[in-house]
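Read the structure below first, then the notes.
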Number of protein chains: 2
Amino acid sequence: MRKPSPSSCLPGPPSLAPQLPEPGEAKRGEQGHLGYLLRQASVALRTRMERALADLEVTPPQFVVLTMVGAYPGLSNADLARLSLLKPQTVSVIVGNLKRSGALVSRPHPVHGRIRQLALSETGERSLARCRRRVDALERRLAAGLSAAEEAAVRRWLVSVALESD
Amino acid sequence: MRKPSPSSCLPGPPSLAPQLPEPGEAKRGEQGHLGYLLRQASVALRTRMERALADLEVTPPQFVVLTMVGAYPGLSNADLARLSLLKPQTVSVIVGNLKRSGALVSRPHPVHGRIRQLALSETGERSLARCRRRVDALERRLAAGLSAAEEAAVRRWLVSVALESD
DNA sequence: AACAACATATTCGAGCTCTGATATCATGCG
DNA sequence: CGCATGATATCAGAGCTCGAATATGTTGTT
């Protein structure tokens, strides 16, 4: 048997005994703060994606970079940063790990002396294709319970949150 | 003047010249993958929250932990992990930083020898209150452009994504 | 030509998050 | 009692993310 978690019976303030809510209840459910719900959903999806890609040795951020370089070969580090809403330093770490693992290659820009242009290697192409299938499977389940109108509303909201200016 | 980004004129494969999409266009807009849009929105909100809380020396994850401990005093590290969908090690890092900064205090559980119960310190209470106001302001803008029905759909979807089982 | 302004890349330090492994405590069973 | 099981805490290592600072390259102005 399982004891009902020691902290469920608090000895401190009597009236504040924590009746811990289950996932989907109280602040964690549909009544919670929108920002909190957004973070929760994002954490859950990231976790699922990490598990789905774990045996391919690719992390979710790496998958995003691979996808972008696959779609726009010749991208620079700075281009990737703008495209992903991340900082150049962040992209630099991810790109570094992908170059070390052999999925990405870079060569200097023929005109501009400082820019390094990125492209997928052979193994990078294959890896991206394998990841793509796993992620697409997850993706399909995301829209499962939504009507067309609801999905449109969700998409519109997500874009508006992403683009809201400071 | 600003040159239109060197990588916009690729010398490599001619037909693959990257016409980089603006934020809100192409895959980044409402036609993109739901998972990608969710990540983008989450990144954007996290960034805004980081900026809003920066001068209070509190990070978004720290704010989440402070809020939870404020709502349920006596929580343990493991309780927090379950509540936040994070791993105990992760929560341990955040709690460690909050204890070091003096916002959280912990005492051993009176019955169970290993559990450490958490509570807000005086400064923790004040800090949480200040953060609360900033975050509430951000929060209100999240639901700004949504009708009641749309907001309900968004909330329902976020919860379903967060709770979807593997 | 010299300079200012800007973009790009990189380094450093900090915080967040995970997997995996280890140690301690509590409970239940032989 | 002794041991297995499970919960808790913690350590080690890896990757992601940021702000700040530095160095280098490009462009436009003087």
Side-chain angles (χ1 to χ4, degrees), chain A residues 1-8 39 42-55 57-65 75-82 84-101 106 108-118, chain B residues 1-9 39 42-51 53-55 57-65 75-82 84-101 106 108-118:
Chain A
M1 264 305 289
R2 199 191 163 281
K3 198 176 58 170
S5 179
S7 4
S8 292
R39 171 186 165 277
S42 185
V43 166
L45 182 60
R46 171 177 50 76
T47 301
R48 260 176 280 164
M49 218 180 290
E50 274 171 359
R51 289 205 222 289
L53 301 179
D55 61 303
E57 314 267 318
V58 176
T59 67
Q62 288 172 354
F63 170 72
V64 171
V65 166
L75 244 47
S76 72
N77 223 319
D79 291 330
L80 274 174
R82 280 185 288 269
S84 61
L85 302 185
L86 297 175
K87 298 301 169 187
Q89 310 95 300
T90 303
V91 175
S92 179
V93 171
I94 305 171
V95 166
N97 286 331
L98 285 171
K99 276 158 78 172
R100 179 159 51 76
S101 79
S106 75
H109 192 285
V111 175
H112 192 296
R114 197 149 175 76
I115 293 178
R116 315 240 355 139
Q117 291 193 301
L118 297 167
Chain B
M1 265 305 292
R2 200 191 164 279
K3 197 178 62 170
S5 180
S7 2
S8 291
C9 42
R39 171 186 165 278
S42 184
V43 166
L45 181 60
R46 171 176 50 75
T47 301
R48 262 175 278 165
M49 219 180 291
E50 274 171 359
R51 290 204 223 288
L53 300 180
D55 61 303
E57 313 267 317
V58 175
T59 67
Q62 288 172 354
F63 170 72
V64 170
V65 166
L75 245 48
S76 71
N77 222 318
D79 291 329
L80 274 175
R82 281 185 288 269
S84 59
L85 303 184
L86 297 175
K87 299 299 170 188
Q89 305 95 307
T90 302
V91 175
S92 180
V93 172
I94 305 171
V95 166
N97 286 332
L98 285 171
K99 275 157 81 171
R100 180 160 50 79
S101 79
S106 76
H109 193 284
V111 176
H112 192 293
R114 196 150 177 73
I115 294 178
R116 315 243 352 142
Q117 291 191 302
L118 297 167

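Below, chain A is the first sequence line, B the second, and so on; all start at residue 1. Computation of the quantities below employed the complete heavy-atom set of this structure, encompassing side-chain atoms and omitting hydrogens, waters and symmetry-equivalent molecules. Model, not experiment: these values are computed from the prediction.
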Distance-minimising heavy-atom pair for B/A81 and B/V91: CA-CG2, 3.7 Å

Kindly point out which of D/dT8, C/dC16, D/dG19 is positioned nearest to the side chain of B/R51? D/dG19

Check every atom of C/dC18, D/dT10, D/dG19 against the side chain of B/N77 and return the nucleotide holding the closest atom. D/dT10

Close side-chain approach of B/P61 and B/R46, heavy atoms under 4.5 Å: no

Selection from C/dT19, D/dT10, D/dG19 that lies nearest to any side-chain heavy atom of A/K87: D/dG19

Between C/dT17, D/dA9, D/dC16, which nucleotide gets closest to the side-chain atoms of A/T90? D/dC16

Expressed as a whole number of angstroms, how long is the span from B/L86:CG to C/dT19:P? 11 Å

Apply side chain to side chain contact (heavy atoms under 4.5 Å, CB included) to residues B/V95 and B/R116 and explain how you reach the verdict. CA-CA 11 Å; B/V95 166; B/R116 315 243 352 142; over 6 Å; no

Less than 4.0 angstrom between a side-chain N/O of A/R82 and OP1 or OP2 of C/dT8, yes or no? yes

Could you state the atom-to-atom distance from CZ of B/R39 to C1' of D/dT17 in whole Å? 11 Å

Would you mind reading off the distance between A/L118 atom CG and C/dT8 atom P, rounded to a whole angstrom? 13 Å

Please state how far atom CG in B/L85 lies from atom C1' in C/dC16, giving the value in whole angstrom units. 16 Å

Search all heavy atoms of B/L118 against all heavy atoms of B/S106 and return the closest pair with its distance. CD2-CB, 3.6 Å

Can you measure A/R114 atom CZ to D/dT26 atom P for me and round it to whole angstrom units? 10 Å

By the 4.0 Å heavy-atom rule, please label B/Q89 as base, sugar-phosphate, or nothing. base

Nearest-neighbour nucleotide for the A/A78 side chain, D/dT17, C/dA9, D/dG19 considered: C/dA9

Nearest to the side chain of A/R46 - D/dC18, C/dC18, C/dT19? C/dC18

Nearest of D/dA9, D/dC16, D/dA23 to any side-chain atom of B/R116? D/dA9

Quickly work out the A/I94 CD1 to C/dT10 C1' distance and round it to whole Å. 16 Å

Taking any heavy-atom pair under 4.0 Å as a contact, classify A/T59: base, sugar-phosphate, or nothing. sugar-phosphate

B/N97 side chain N/O closer than 4.0 Å to the phosphate oxygens (OP1, OP2) of C/dA14? no

Compare the minimum distances between each of C/dC18, D/dA9, D/dT17 and the side chain of A/E50, then state the nucleotide with the smallest one. C/dC18

Report the distance from atom NE2 of A/H109 to atom C1' of D/dT26, rounded to the nearest whole Å. 12 Å

Would you check if B/R100 and B/N97 make a side-chain contact, meaning some heavy-atom pair closer than 4.5 Å? yes

Run the side chain to side chain contact (heavy atoms under 4.5 Å, CB included) test on B/R82 and B/D79 for me, step by step, so that the C-alpha distance in whole Å, both residues' side-chain angles and the decisive distance to 0.1 Å come before the verdict. CA-CA 5 Å; B/R82 281 185 288 269; B/D79 291 329; 2.8 Å; yes

Using a cut-off of strictly less than 4.0 Å, decide whether B/R100 has a side-chain nitrogen or oxygen near OP1 or OP2 of C/dG15. yes

For B/F63 and C/dG15, what is the distance between atoms CZ and P respectively, to the nearest whole Å? 19 Å

